[in-house]
Amino acid sequence: MSNLSNINLKIWRQDGPDSQGRFETHQIPEISDEASFLEMLDILNERLIEEGKEAVVFDHDCREGICGTCSLMIDGQAHGPQRGTATCQLHMRQFDSGAEIVIEPWRASAFPIIKDLMVDRSPFDRIVEAGGYITAPTGGAPDANLIPIPKPVADASMDAAACIGCGACVAACPNGAASLFTGAKISHLNLLPQGQAERYKRTEAMVEEMDSHFGSCTNHGECEAACPKEISIDNIATMNADYARSKFKNRKALSR
Amino acid sequence: MVNPSNKRKFKILVVGTGLAGASAAASFGELGYEVEAFTFHDSPRRAHSIAAQGGINAAKNYQGDGDSVHRLFYDTVKGGDFRAREANVHRLAEVSVKIIDQMVAQGVPFAREYGGLLANRSFGGAQVSRTFYARGQTGQQLLIGAYQQLARQIGLGNVKLWNRIELVDVVTVDDKCAGIVTRDLMNGEVQSHAGHAVVLATGGYGNAFYLSTNAMACNVTAAWRAHRRGAAFANPSYTQIHPTCIPQADDFQSKLTLMSESLRNDGRIWVPKDADETRPVAQIPEDERDYYLERIYPSFGNLAPRDVSSRAAKRAVDAGQGVGPLKNGVYLDFAESINRLGLDTIVERYSNLFEMYERITGEDPRESPMRIYPASHYTMGGLWVDYELQTTIPGLFCIGEANFSDHGANRLGASALMQGLSDGYFVLPYTIAPYLSDLLNKPIPETTHEAFVTAEKEARDRFQGYLDIGGTKGPDHFHRELGRIIWDYCGMDRSQIGLEKALAEIPALHAEFKKDLRVTGSGSSLNQTLEKAARVDDFFELGILMCQDALTREESCGGHFRSEHQTDDGEALRNDDDFAHVTAWEWSGNPSEPIEHREKLEYEVVHFATRSYK
Ligand SMILES: Cc1cc2nc3c(=O)[nH]c(=O)nc-3n(C[C@H](O)[C@H](O)[C@H](O)COP(=O)(O)OP(=O)(O)OC[C@H]3O[C@@H](n4cnc5c(N)ncnc54)[C@H](O)[C@@H]3O)c2cc1C
Ligand code: SF4
Ligand code: FES
């Protein structure tokens with residue numbers, strides 16, 4: 001355990017969705033390397049309140065890298081410098097004394113800034129509402145062991161389902177596309193035997209909902225690099241293939 | 001019963017969209033009720049439920065190891081130290097099997113064996129393998145499953161979602177629940193919502209301790225505001241301290257991180273025998289280590305239930321045998337399992353937990369043992385509900401961790417997810433009907449009713465009041481101080497002297513809070529400081545009730561350990577003659593003078609027994 005000193009923070013402040021934003025500079029004279037990044041912001045906020053100033057608004061909840069609420073652009077990187085790590089799991093031992101750290105919100109036209117570092121990610125919910133589910137009304141489900149699912153299939157589905165819906169992929173994408181998020185949800189459900197009945201309907205509805213909010217994917221791959229859950233870009237390929245097939249299937253159904 | 005075509009005539013307000021709330025709201029929507037769902041999170045995909053790691057129990061007996069509904073029922077009553085209502089627990093055990101079917105049908109990718117069937121692991125307090133899991137992210141996968149069902153209902157227009165909206169009051173008219181008052185976190189707007197019934201699924205109050213494994217936003221406000229309007233609060237002192245969390249590293253720590261109990265399947269807990277031990281771990285010989293759980297509880301060993309394991313860890317640390325820089329932890333050691341099963345198997349089982357540990361501590365559990373210590377984790381207490389999950393306010397129902405119903409004085413691992421989903425999917429959708437059917441075609445009070453208008457004004461004044469104090473310290477300061485008092489005196493070890501001290505200190509600190517709180521910013525734009533201030537205010541009053549309840553319960557049971565009531569070898573000493581009851585507290589208007597009610601616990605099937613895991 002040791003201490004870092006003289007951390008300079010450049011933090012984005014913005015009063016509301018339509019206000020002009022600005023950078024504000026704050027000093028952290030001394031902080032333990034055991035502190036998490038968000039604990040550093042807590043300390044700053046307590047100090048700001050004691051000085052009669054308004055605390056910096058940022059989103060967070062579980063602080064364990066699982067809820068997907070935290071969302072900071074740190075030195076231009078979504079969730080900061082550590083690979084496969086959400087903002088809330090980042091610790092000060094990743095930084096050096098004297099560092100200047102720039103903290104901004106997610107920047108994407110589909111995610112308007114609410115205040116300071118907090119953005120509105122509700123378009124993600126719209127995508128799921130459009131088809132990101134398996135229709136299985138309560139009651140009446142068959143015994144869970146009736147359909148064996150090969151372990152590799154279950155594992156691949158779980159890999160995709162690990163997405164925490166944080167939006168870092170969108171923030172990192174030069175086009176503000178949401179293909180990694182949407183592709184992950186589609187793979188999670190489309191890989192499973194239970195998900196087959198609605199496979200193409202789901203894919204079509206989700207992709208089209210996604211397109212109505214987000215930019216289009218041009219295969220930069222920044223999303224995968226920024227993703228705290230290391231969701232594979234292969235999920236985008238799965239999505240695209242199923243989307244193409246969905247068009248085919250529907251046409252066949254129409255002609256019948 | 002309410003017939004299908006009449007269901008749309010009833011509006012149900014579901015507050016909270018964690019496992020319990022999301023599953024209830026989705027099921028009500030499917031059944032045809034008019035549903036509005038509220039969450040202060042930005043999306044129903046986020047709730048504290050998402051953080052559950054280890055798994056969910058169900059009496060499937062897929063492993064053929066002799067599990068049954070009766071065994072799960074019995075384990076739960078025994079695990080709860082014979083302080084749960086028998087009928088509720090039995091229903092929970094019966095429903096447990098349906099939950100797994102339901103979640104698999106929805107696409108939850110539970111862990112599987114190579115043959116494609118579902119895998120199981122063991123959890124504390126059970127001698128069978130009945131826990132289903134999805135890597136170390138079971139809560140996430142279950143919540144996403146329930147969220148997707150809810151999203152479907154939202155997309156279909158059957159459920160209206162109110163996100164980033166916080167319940168700040170419950171409204172009653174003629175002693176019935178008429179609706180709620182909410183505050184929009186985005187702009188501070190206070191608004192009323194009327195409905196035929198209100199469901200609180202707002203989670204537990206473990207953050208009363210300040211440091212806990214709960215998500216930062218968890219709080220007691222919804223339950224507490226209902227309590228202040230007449231809902232009895234049951235067993236507030238029954239709190240669970242989880243044995244395996246990463247020890248506190250310093251004073252500004254904001255929360256503690258759980259290391260799932262499932263690790264105890266393969267990890268061995270020990271401390272050095274010598275309190276002055278200074279050698280590095282690897283150099284401490286086997287015979288100078290005290291594997292105290294295996295020693296004291298040979299039949300359950302490292303899988304002894306949570307309350308028992310937590311107290312044993314506390315004793316070791318109090319005796320000076322603690323490990324780590326602050327000597328505030330015990331070891332959880334995987335070396336033996338790694339030798340026996342190979343590193344790959346162990347890493348496959350726990351990879352995300354190992355990574356999580358390494359990120360936080362900078363230490364690699366594959367090379368040196370984890371350091372762990374107990375922390376506040378779950379609250380068995382909560383709003384009192386009857387068998388139909390209705391509170392003492394007719395029309396106000398409470399499900400999930402927010403109610404007190406199924407776990408008695410101690411919850412077994414992997415049973416909270418089970419209870420939340422049982423309440424939300426399989427119990428409340430049916431038990432709510434009798435209440436509603438009486439209201440058919442009768443008008444209900446609208447939001448223009450003076451009870452709503454008055455409650456709105458009170459809420460506005462209360463929030464403005466926090467802003468107007470203009471003191472010197474932010475809400476976190478007070479929360480931290482409050483948490484320290486509750487942890488010290490109403491934590492793992494409670495005594496009359498300590499509790500009386502707490503009952504003097506908490507009101508004094510609360511008075512200081514009301515004089516010296518500083519909330520910056522305004523009430524009409526997003527203000528996290530103001531949100532926090534209101535939640536801390538409610539924690540103060542709850543803290544008093546927790547200590548009062550602990551003081552009144554002159555016995556040790558489950559998570560409630562009174563140092564005056566222990567056996568010669570330091571085990572909990574229950575008093576079934578005088579305390580086999582639920583204590584349900586009624587609000588009197590003065591937080592320090594709650595009114596006590598008792599519900600006697602009658603056991604027809606289970607017989608009282610001393611809980612022994614030796
Ligand atoms: C780290 C951790 C690990 C765990 N692991 C396990 C495990 O392996 N197995 C197990 O069975 N259990 C586990 N638990 C316990 C379990 O996760 C919880 O008890 C359970 O998920 C609670 O679910 P819930 O739906 O009742 O509440 P929550 O998930 O807490 O949801 C509460 C909801 O209410 C909303 N809300 C609260 N107050 C208000 C308000 N005033 N206004 C509007 N909305 C409000 C929130 O936005 C949220 O949507 C774990 C708990 C923790 C802390
Ligand atoms: S794909 Fe990754 S970056 Fe995108 S929302 Fe999911 S977890 Fe976040
Ligand atoms: S706060 Fe939950 S993922 Fe970061």
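Order of the sequence lines sets the chain letters (A, B, ...), proteins ahead of strands, with each chain counted from 1.
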Response to the item:
Most contact-rich option vs chain A, by heavy-atom pairs under 4.5 angstrom, among B:Gly474, B:Ala26, B:Ser27, is B:Ser27
Item to complete: Measure across A:Thr138 and B:Glu30 and return the closest heavy-atom pair with its distance rounded to 0.1 Å.
Response: N-OE1, 2.8 Å
Worksheet, complete the sentence: On a heavy-atom basis, the closest approach of A:Ile164 and B:Gln140 is CG2-NE2, 3.7 Å
Worksheet item: Pick from A:Arg126, A:His60, A:His188: which one has the most heavy-atom pairs with chain B under 4.5 Å?
Response: A:His188
Response to the item:
Distance col, row A:Thr69:OG1 vs B:Ile50:CD1, nearest 0.5 angstrom, shows 7.5 Å
Item to complete: Answer yes or no: does atom CD of A:Gln196 have more than 12 heavy-atom neighbours from other residues, nucleotides or ligands under 6.0 Å?
Response: yes
Worksheet, complete the sentence: Heavy-atom nearest pair, A:Gly52 first then B:Thr520, reads C-CG2, 3.4 Å
Practice prompt. Identify which part of B:Gln141 has an atom lying under 4.5 Å from any heavy atom of chain A, answering side chain, backbone, both or neither.
Written response: side chain
Item to complete: State which residues pass side chain to side chain contact (heavy atoms under 4.5 Å, CB included) with A:Asp42; sequence neighbours excluded, sorted by chain then number.
Response: A:Glu39, A:Phe58, A:Arg63, B:Ser254
Worksheet item: Taking B:Gln148 for the side chain and A:Gly131 for the main chain, is one N or O donor matched with an acceptor at less than 3.5 Å?
Response: no
Worksheet item: Hey, what do you get for CZ (B:Arg518) to CD (A:Glu50), rounding to the nearest 0.5 Å?
Response: 8.0 Å
Discussion item. Looking at chain A, which one of B:Gly362, B:Ser49, B:Pro325, B:Ala111 has the largest number of heavy-atom pairs inside 4.5 Å, strictly under?
Written reply: B:Gly362
Practice prompt. Would you name the heavy atoms of A:Ile134 and B:Gly107 that are closest together and state the gap between them?
Written response: CD1-CA, 3.7 Å
Worksheet item: Within the side chain of A:Gln194, is there an N or O that forms a donor-acceptor pair under 3.5 Å with the backbone of B:Val108?
Response: no
Worksheet item: Just how far is it from atom CG of B:Leu526 to atom CG of A:Asp116, taken to the nearest 0.5 Å?
Response: 9.0 Å
Discussion item. Can you list the residues of residues 143-151 of chain A that sit under 4.5 Å from chain B, counting heavy atoms only?
Written reply: A:Asp143, A:Ala144, A:Asn145, A:Ile147, A:Pro148, A:Ile149, A:Pro150, A:Lys151
Item to complete: Give, as side chain, backbone, both or neither, the part of B:Phe110 having an atom under 4.5 angstrom from any heavy atom of chain A.
Response: backbone
Practice prompt. Sort A:Thr85 into side chain, backbone, both or neither according to what part of it lies under 4.5 angstrom from a heavy atom of chain B.
Written response: both
Worksheet item: Who wins among A:Gln94, A:His91, A:Glu34 for the most heavy-atom pairs under 4.5 Å with chain B?
Response: A:His91
Practice prompt. Select, from B:Asp250, B:Asp101, B:Asp42, the one with the greatest count of heavy-atom pairs under 4.5 Å involving chain A.
Written response: B:Asp101
Item to complete: Let me know if B:Gln153 has heavy atoms under 4.5 Å from chain A in its side chain, its backbone, both or neither.
Response: neither
Worksheet entry | Top of A:Asp59, A:Ile43, A:Val153, A:Ile49 for chain B proximity - count of heavy-atom pairs under 4.5 angstrom | A:Ile49
Item to complete: Name the option with the most non-hydrogen atom pairs under 4.5 Å to chain B; the candidates are A:Glu51, A:Met118, A:Arg93, A:Arg121.
Response: A:Arg93
Discussion item. For B:Glu531, which atoms come within 4.5 Å of any heavy atom of chain A: side chain, backbone, both, or neither?
Written reply: neither
Item to complete: Under 4.5 Å heavy-atom distance to chain A, tell me which part of B:Ile144 shows up: side chain, backbone, both or neither.
Response: side chain
Practice prompt. Please check if the side chain of B:Gln137 supplies one atom and the backbone of A:Ala162 the other of a donor-acceptor pair under 3.5 Å.
Written response: no
Discussion item. With a 4.5 angstrom heavy-atom cut-off, is it the side chain or the backbone of B:Leu326 that approaches chain A, or both, or neither?
Written reply: neither
Worksheet, complete the sentence: Across all chains, not counting sequence neighbours, the side chain to side chain contact (heavy atoms under 4.5 Å, CB included) partners of A:Leu191 are A:Ala156, A:Ser157, A:Ser187
Worksheet item: Between B:His41 and A:Asp61, what is the shortest heavy-atom contact and its length?
Response: NE2-OD2, 2.6 Å
Fill in: Among A:Leu192, A:Asp120, A:Leu189, A:Ile114, residue most engaged with chain B (heavy-atom pairs, under 4.5 Å)
A:Ile114
Worksheet item: Between NZ of B:Lys255 and SG of A:Cys62, what distance do you get to the nearest 0.5 Å?
Response: 6.0 Å
Fill in: Trace of the side-chain hydrogen bond (donor to acceptor under 3.5 Å, both in side chains) decision for A:Thr135 with B:Arg152
CA-CA 8 Å; A:Thr135 300; B:Arg152 176 166 167 263; 3.2 Å; yes
Discussion item. Among A:Ser32, A:Pro137, A:Ala55, which residue has the highest count of heavy-atom pairs closer than 4.5 Å to chain B?
Written reply: A:Pro137
Discussion item. At a 4.5 Å cut-off on heavy atoms, which part of B:Met186 comes close to chain A: side chain, backbone, both, or neither?
Written reply: side chain
Worksheet item: Tell me, side chain or backbone of A:Glu64 under 4.5 Å from chain B's heavy atoms, or both, or neither?
Response: both
Discussion item. Determine whether a donor-acceptor pair (N or O, by modelled atom type, separation under 3.5 Å) exists between the side chain of B:His477 and the backbone of A:Glu46.
Written reply: no
Worksheet, complete the sentence: Rounded to the nearest 0.5 Å, the CG atom of B:Leu143 sits from the CD1 atom of A:Ile66 at a distance of 10.0 Å
Worksheet item: Of all heavy-atom pairs between A:Asp125 and B:Ser43, which one has the smallest distance, and what is that distance?
Response: OD1-OG, 2.8 Å
Discussion item. If the condition is salt bridge (Lys or Arg N to Asp or Glu O under 4.0 Å), which residues does B:Asp516 pass it with, not counting sequence neighbours?
Written reply: B:Lys473
Worksheet item: So how far is it from A:Cys166 SG to B:Arg46 CZ, rounded to the nearest 0.5 Å?
Response: 8.0 Å
